[in-house]
Each structure stands twice: as C-alpha cells, then as structure tokens.
Colleague: 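First, the structure itself, so that you have it in front of you.
Computed from heavy atoms alone, side chains included, the values below leave out hydrogens, waters and symmetry copies.
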Amino acid sequence: MGQTMAEKILARHAISGEVEPGRIIRARVDCVLLNDVTGPLSFKQFREMGATHVAEPERVVLVCDHFAPAPSLAAAHGLKAMRQFAEEQRIPHFFDVGQGGIEHTLLPERRLIAPGDLIIGGDSHTCTYGAFNAFGTGLGSTDIAAAMALGELWFLVPESVRFMFRGAKRPYVTGKDIILRVLREIGADGATYQAMEFAGEGIASLTIDERMAVCNMAVEGGAKTGIVVPDAITDAWARDNAAPRPYELVAPDPDAQYAATYTFDLADFGPMIARPHSPANVVPLDEVVGTHVDQVYIGNCANGTLTDLRQAVALLGGRHVAHGTRAIVVPATQRVYAQAMAEGLLAQLVEAGVAVSTPTCGACFGGHMGLLDDGEVAITTTNRNFRGRMGHAGAQVYLANAYVAAAAAVAGEIVDPAEVAGAASPAKGGTV
C-alpha cells in the first residue's frame, strides 16, 4: 500500500513502531522550536524530569517573539528565562529582540528547516512548515521538554485528508482565501488529528509565502499538520534556502490511502472572510461588505511576509487610512522589515497613516501592540478570531487577506478591494 506525505516523513524518522494510521511510533526530530510563552514552561519540565543537558543543542531553536519587546515585568521575566537557558545549554540558534522575528517565518528564512523534516514546536501553528514540504506540528511543554532531553519523541500516526485545487485564482484571491474556503467546507473540527495534504495546479500557482498562509491555518480545522505537495517552486526554494544538510522532496504515492478527498475550483470563489468568533465561520466577502472597521491589522507568522506587505501597499500606496479607523502593519521578521524598507514599502505605509511595528506576535494573540476594546471591530490577517483573542471579549474580529484588510483601512469599512483599486487616490486624510 502506498503512503501519504505525512506517513513517508514519519517513516523516514521512525526509530520503532509501524507507520500506519492509528499506530504509535518513536521518531527522531530535526528541529525543536520554543518561544517565550511556552519555552519557560518547557524549561521547568525539562529540569523536573531530571534532564541536565539538551541532547542536540543545534537542533533546538529559541525565538523571543510573543511578548517581545517585553510589555510587562512578567514578560521580561520570560524573555530573561529564554536568554539564560540559551546560555546554559549553549543553544546556537537563539533569536532575541531585534535579532529575528516571528518564529514560523524566521526558521525557513534562516535556513533551519528542509523538505522532509520532522519539526515540533511549542506553538500550535508549527504546521506552517508544511509549505516547505515538511511535517510540522505543535506540542505541549512536557513533550517539548522530553524531545530536548532525548532528541526523539512518540507520535500517533495520523490519517491524511487530500484537498485538491483546480483552476486559476480570481483577482485579489490569495492563499489565505484558499484555507478559509477549506475551513468553510470542513468546519473547525473537520480534520481533527489528521494530516491535511494540499495538491493540484491551484496550489502549484501559489508562492511560498501564500503556501505558508495555507498550512498555517491547518490547525484551525483541527489538523495535526498540513503539507503541500512539492513541485518546482518547492525545489527552487530548497536549493537556495534549505538547511545545509541532505534533504529529499517528499511526494505522496499514487496509491496512497486518504480518509477523504475534497476538490475545489479556484474560479468558483473570490476573497473569503471569517466572521466572529471562529476561523471556520467563513463567508464570501460580499456578505460582510459595509461593516465598519475600527482597526486593521496586517501581520502574523504567515501573513506578515513581503508578499503581504506588497499586497497592502497595492491598496494603501498613495492613499490614506480613513478617519475613524486605525491601521497597524507588522513585518514578520527583521529581514522582511529590511526588505520592505529597501523597496520603499514602509515609507508608503507610513505616509498612508499606518503604524508600522517591530516584528512581534503581540496583537495577534492578544498580548500587546494593538489590543481591542469592548465593541470595537477589527479586520486582520491573523489566524484566529476567537472571542477575546485580540483584546476585550466584546470585540469583533474578522479574518481576511492583506488586500481586503488594506482596502478596509482606506474605506473605513469592509469593501471589495477592486473598488478601492479602481478609485482615484484621494487627498491625504480622505476616504474612498
């Protein structure tokens, strides 16, 4: 019987056990990722289980990105714990404030992962690495601690679900819309503990950045991971950016077995919006047009890329944020920030009245740098809109792509990006 991509990657890392859905295996891991929220918890568990040394320090990555820069004394304590553990265990891949950025954008940028890798992280959106043909999954602090101590961990082999995309994207449709369309179809628990496999010429048309957006939200459907079938784009990325070690692109076998298969035509849908209070509460854009927006937020681990910033400037460049609306843009990493600066993107955003932040997860998870008050409405490129996720429980959060978010910043309400793009640029401080 053939194997899916998830099964093949787990089989290549297996130390013991049969790689079949529902079976438990022991497997070595290529990368263990911790941030400043879950890291200190893992360090505590690491010590309590009697561990004294990280098995393979070069396979551990510590990133200060959630409460960074520190907005409180408690946050400062967590960041200090990261620095101390990195020093104590001689972790070579430690990224402090101003040195890295948001973890899931940072690792592929710094050549720390490769196709076929098995990556675990103390963050649910570790599934983002499927964009690079790797198996990434989020785990709890105790499991992360055990993996640091042993260099291996147990895994329950997941079933796989295949999502096929045909055709070509309509205007202003991005990878964000593709995953939102999937979530509309399957719901918030439609792929619980399964591997989501993304394939077809529609997926092949996406950039690496857009593939990150797709895989990033696999967990919002309950999935263990999400993985893109490799192609020439994957290969080109890997040749220039993969970790400097042998790797192999992993494709599914023609006779691989799937729990279910879904097929979509990209020509059938335009931009999608997730309404409050679930990433799976998805509707076409036209169903929410006219909704007033108090805040626009463009950024996060998969939608603060250079692609997203370019999309934002395509709508905001030469225009201005509407009166009564505020906009925040967060480049995902220091390198993205520098590239956006070199291209003149940041200057255009600032001229448009946008607040541009240092790379941080801050507002995405409701930590700092842009929280919402009771009754406020936001449209954001982040991955979750649960009640209270970005501030007050009475706030309303809509999820969308960067084109749609930027158009809302200009109009002061949710609007079709084509309307903003087709309108003459207003005077500074005006609205469309």
Colleague: Please determine whether a side-chain nitrogen of the Lys or Arg among R28 and E152 lies less than 4.0 Å from a carboxylate oxygen of the Asp or Glu.
Modeller: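 E152 and R28: not salt-bridged.
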Colleague: Treating Q89 as the side-chain partner and T52 as the backbone partner, does any N or O pair qualify as donor plus acceptor under 3.5 Å?
Modeller: yes
Colleague: Anything under 3.5 Å between a donor and an acceptor, one on a side chain of residues 268-284, the other on a protein residue two or more places apart or in another chain? List them.
Modeller:
{"residue": "R275", "atom": "NH2", "partner": "N281", "partner atom": "OD1", "Å": "3.4"}
{"residue": "H277", "atom": "NE2", "partner": "R387", "partner atom": "NH1", "Å": "3.3"}
{"residue": "S278", "atom": "OG", "partner": "A280", "partner atom": "N", "Å": "3.0"}
{"residue": "N281", "atom": "ND2", "partner": "P276", "partner atom": "O", "Å": "2.8"}

Colleague: Would you check if there is a donor-acceptor pair between the side chains of D253 and Q3 at a distance under 3.5 Å?
Modeller: no
Colleague: Specify the closest pair of heavy atoms between M164 and T261, including all atoms of both residues, with the distance to one decimal.
Modeller: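 Residues M164 and T261, closest heavy atoms: CG-CG2, 4.5 Å.
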Colleague: Is it true that atom CZ of R90 has more than 12 heavy atoms of other residues, nucleotides or ligands lying nearer than 6.0 Å?
Modeller: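 At most 12 heavy atoms, drawn from other residues, nucleotides or ligands, come within 6.0 Å of this atom.
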Colleague: Write down the atom of P21, the atom of E7, and the distance for their closest heavy-atom approach.
Modeller: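 For P21 versus E7, the nearest heavy atoms are CG-OE2, 3.3 Å.
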Colleague: Before giving the answer on side-chain hydrogen bond (donor to acceptor under 3.5 Å, both in side chains), spell out for T126 and D123 the whole-Å C-alpha distance, their side-chain angles and the decisive distance to 0.1 Å.
Modeller: CA-CA 6 Å; T126 305; D123 184 273; 4.8 Å; no
Colleague: Do F365 and F67 have ring centroids that are under 6.0 Å from one another?
Modeller: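 Yes: the rings meet the under 6.0 Å criterion.
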Colleague: About how many Å separate CZ of R384 and CG of N300, when rounded to the nearest 0.5 Å?
Modeller: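 Spacing of CG (N300) from CZ (R384) equals 11.0 Å.
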Colleague: Please examine the side chains of V61 and C31, heavy atoms only from C-beta on, and report whether any two atoms are closer than 4.5 Å.
Modeller: yes
Colleague: Taking the side chain as every heavy atom from C-beta outward, state whether V54 and F46 have any pair of such atoms under 4.5 Å apart.
Modeller: yes
Colleague: Sub-3.5 Å donor-acceptor pair from the side chain of Q257 to the main-chain atoms of D255, do we have one?
Modeller: yes
Colleague: May I ask you to check whether D308 and T305 show a side-chain donor-acceptor distance below 3.5 Å?
Modeller: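 Distance-only check passes for D308 and T305.
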Colleague: Looking at every non-hydrogen atom in both residues, tell me the closest pair between T382 and M390 and how far apart they are.
Modeller: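 T382 and M390 have their closest heavy atoms at OG1-SD, 4.2 Å.
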Colleague: Would you sort out whether T174 and Q311 count as a side-chain contact (heavy atoms from CB on, under 4.5 Å), showing the intermediate values?
Modeller: CA-CA 10 Å; T174 73; Q311 291 169 353; 3.6 Å; yes
Colleague: Are any of the side-chain heavy atoms of F85 and L34 separated by less than 4.5 Å?
Modeller: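 F85 vs L34: side chains apart.
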Colleague: Check whether E210 reaches the backbone of G175 with its side chain - one donor and one acceptor, N or O, closer than 3.5 Å.
Modeller: yes
Colleague: When rounded to the nearest 0.5 angstrom, what is the spacing between CZ in F163 and CD1 in I178?
Modeller: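 Answer for the CZ-CD1 pair, F163 versus I178, is 12.5 Å.
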Colleague: Is a donor on one side and an acceptor on the other found under 3.5 Å between the side chain of N385 and the backbone of L399?
Modeller: no
Colleague: Are any side-chain N or O atoms of T38 and backbone N or O atoms of G122, one a donor and one an acceptor, separated by less than 3.5 Å?
Modeller: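 Looks like yes, one N/O pair under 3.5 Å.
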Colleague: Test your reading of the model: is there a side-chain donor-acceptor pair from N241 to the backbone of W237, 3.5 Å cut-off?
Modeller: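 At least one qualifying donor-acceptor pair exists.
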Colleague: I'd like to know whether R110 forms a side-chain contact (heavy atoms from CB on, under 4.5 Å) with F95, so could you lay out the CA-CA distance, the side-chain angles of the two residues, the decisive distance to 0.1 Å, and finally the verdict.
Modeller: CA-CA 11 Å; R110 294 302 181 96; F95 299 94; 3.2 Å; yes
Colleague: Below 4.5 Å, heavy atoms only, C-beta onward: do C361 and M369 meet side chain to side chain?
Modeller: no
Colleague: State, yes or no, whether a side-chain contact exists between K169 and L206 at a heavy-atom distance under 4.5 Å.
Modeller: yes
Colleague: Should R326 and D294 count as an ion pair when the cut-off is N to O under 4.0 Å?
Modeller: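 No, no charged N to carboxylate O under 4.0 Å.
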Colleague: Would you tabulate the side-chain donor-acceptor contacts of residues 223-230 under 3.5 Å, counting partners in other chains and residues two or more places apart, or write 'none'?
Modeller:
{"residue": "T225", "atom": "OG1", "partner": "G136", "partner atom": "N", "Å": "3.4"}
{"residue": "T225", "atom": "OG1", "partner": "G136", "partner atom": "O", "Å": "2.8"}

Colleague: Please check: side-chain N/O of H77 versus main-chain N/O of L73, any donor-acceptor pairing under 3.5 Å?
Modeller: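 No.
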Colleague: In chain order, what residues pass the side chain to side chain contact (heavy atoms under 4.5 Å, CB included) check against D373, with sequence neighbours excluded?
Modeller: E376, H392
Colleague: Any chance the side chains of D189 and T192 put a donor and an acceptor closer than 3.5 Å?
Modeller: no
Colleague: Quick one: do D117 and R245 make a salt bridge, cutoff under 4.0 Å?
Modeller: yes
Colleague: Is there a donor-acceptor pair closer than 3.5 Å between any side-chain N or O of K176 and the backbone N or O of T381?
Modeller: yes
Colleague: Going from NE2 on H104 to SG on C215, what distance comes out if it is rounded to the nearest 0.5 angstrom?
Modeller: 12.0 Å
Colleague: Mind checking whether M217 and L183 have side chains closer than 4.5 Å, heavy atoms only?
Modeller: yes
Colleague: Keeping R111 on the side-chain end and A242 on the backbone end, is there a donor-acceptor pair under 3.5 Å?
Modeller: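 Looks like yes, one N/O pair under 3.5 Å.
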Colleague: Let me confirm one number: the CZ-CG distance from R166 to D265, rounded to the nearest 0.5 Å.
Modeller: 9.5 Å
Colleague: Stepwise, does the side-chain contact (heavy atoms from CB on, under 4.5 Å) test hold for I186 with Y262?
Modeller: CA-CA 9 Å; I186 69 172; Y262 297 83; 3.8 Å; yes
Colleague: Taking all atoms of both residues into account, what is the closest heavy-atom pair of G394 and D374, and its distance?
Modeller: CA-OD1, 3.3 Å
Colleague: Check for me whether the distance between the ring centres of Y129 and F135 falls short of 6.0 Å.
Modeller: no
Colleague: Does the pair I328 and I298 meet the rule for a side-chain contact (heavy atoms from CB on, under 4.5 Å), with working shown?
Modeller: CA-CA 6 Å; I328 302 170; I298 299 173; over 6 Å; no
Colleague: Specify the closest pair of heavy atoms between T360 and H66, including all atoms of both residues, with the distance to one decimal.
Modeller: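 Smallest heavy-atom distance, with atoms named: OG1-O, 3.6 Å.
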Colleague: Of all the heavy-atom pairs spanning R170 and A267, show the shortest one and how long it is.
Modeller: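 Smallest heavy-atom distance, with atoms named: CD-O, 3.3 Å.
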Colleague: Would you give the length of the straight line joining atom CE of M196 to atom OH of Y258, rounded to the nearest 0.5 angstrom?
Modeller: 13.5 Å
Colleague: Find out whether V397 and R389 are in side-chain contact, i.e. whether some heavy atom of one side chain is under 4.5 Å from a heavy atom of the other.
Modeller: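 Not in contact.
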Colleague: Quick check: do I233 and T207 have side-chain heavy atoms less than 4.5 Å from each other?
Modeller: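 SC-SC contact between I233 and T207 ruled out.
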Colleague: Near E48 CD, under 6.0 Å, is it more than 12 heavy atoms from other residues, nucleotides or ligands?
Modeller: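 Counting neighbours around CD of E48, more than 12 heavy atoms of other residues, nucleotides or ligands fall under 6.0 Å, so yes.
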Colleague: Kindly check if the number of other-residue, nucleotide or ligand heavy atoms within 6.0 Å of CZ (R239) is above 12?
Modeller: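 Counting other residues, nucleotides and ligands, CZ of R239 stays at 12 neighbours or fewer.
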Colleague: What's the separation between atom CE in M82 and atom CG in D36, rounded to the nearest 0.5 Å?
Modeller: 5.5 Å
Colleague: Kindly say whether V404 contributes a backbone atom to a donor-acceptor pair with the side chain of N401 at under 3.5 angstrom?
Modeller: yes
